[in-house]
Amino acid sequence: MRVPADKDVADDVPLLARLSHRVAMHFRTAPTTLACETPLVSLTFDDAPLSACTAGADLLGVYAAAGTYYIAGGLIGSRHAHWELADDERIARLHRDGHEIGCHTYSHAFLPSLSPSEIADEARRNVDRLREIVPGLSIESFAFPFGYASLAAKRALRGIYRSSRGIMPGLNVGRVDRYFLKALPLIEGRIDADGIARAMDDALARKGWLIFYSHDVAIRPSAYGCSPTLLEATLRAAAARNIPCVGIVEGLRRARA
Ligand SMILES: [Zn+2]
């Protein structure tokens, strides 16, 4: 099964969708003021590659950190050009271990192509699939597949989730868009331990919420993932500054959003 990874499609995106995405990036549909008493870090993993749920989750556990895994139910247990995806048992274990399960649509859909009713249908199918694994699971967080949004998609998501995360870099502080939370890539070659330390210092100084996104966690990661060394550097940098690593729902709660 060939499933495009986040960003694989970026070069093929039609101009209209690119424009729509740019408007969505800059037009806040749910302005929210964050009031964090302390800085926060969230580590998020899109698609839930198996390695993020094994090596990645093991490292999070060592540092008592909770991650958020955005899962597309239609991909569960499948193989992919870049990685193998977690199966039911592994996802159940993530939940048992205190990690957050978020939504990434059911079919890893490109949101700008979907109508609001199709987006709602993706949400319904995904929660149904995930509740086969964890009965009664509540899903409150969403991440845009491929990082692509549109204004219509953001509006549709407001009725379904409490937040959505994009891939626009930056620190979440003060007035933010809850349906386009900013995130830094925790991706090999795009950030290093020094860059992570600088971002943490900024979060510390401004009492902001720093969200990272990644995919697989492997010694030789894909072009979309990180090594265990880079993940551990992030966890260490947060621990050294006493910055808690929390899931997205918990981050929103602590930010009193
Ligand atoms: Zn994805």
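Counting from 1, the numbers follow the sequence of the chain as shown. Predicted model only: the values in this text are computed from it and were never measured. Atoms within a ligand are numbered from 1 in the order they appear, just like the ligands themselves.
- When the Zn ion (ligand 1) is compared with the N/O/S atoms of D47, atom OD1 turns out nearest.
- Checked against ring pair (Phe, Tyr, Trp, His ring centres under 6.0 Å), Y179 has no partners two or more places apart in sequence or in another chain.
- No donor-acceptor pair under 3.5 Å is formed between the side chain of D97 and the backbone N or O of H99.
- For H108, the nearest N, O or S atom to the Zn ion (ligand 1) falls under 2.8 Å.
- Among the atoms of D46, no N, O or S atom falls under 2.8 Å of the Zn ion (ligand 1).
- Side-chain atoms of Y69 never come within 3.5 Å of backbone atoms of I91 as a donor-acceptor pair (strictly under, hydrogens ignored).
- Note that OG of S107 is 7.0 Å distant from CG of L114, once rounded to the nearest 0.5 Å.
- Per residue H104, closest N, O or S atom to the Zn ion (ligand 1): atom name NE2.
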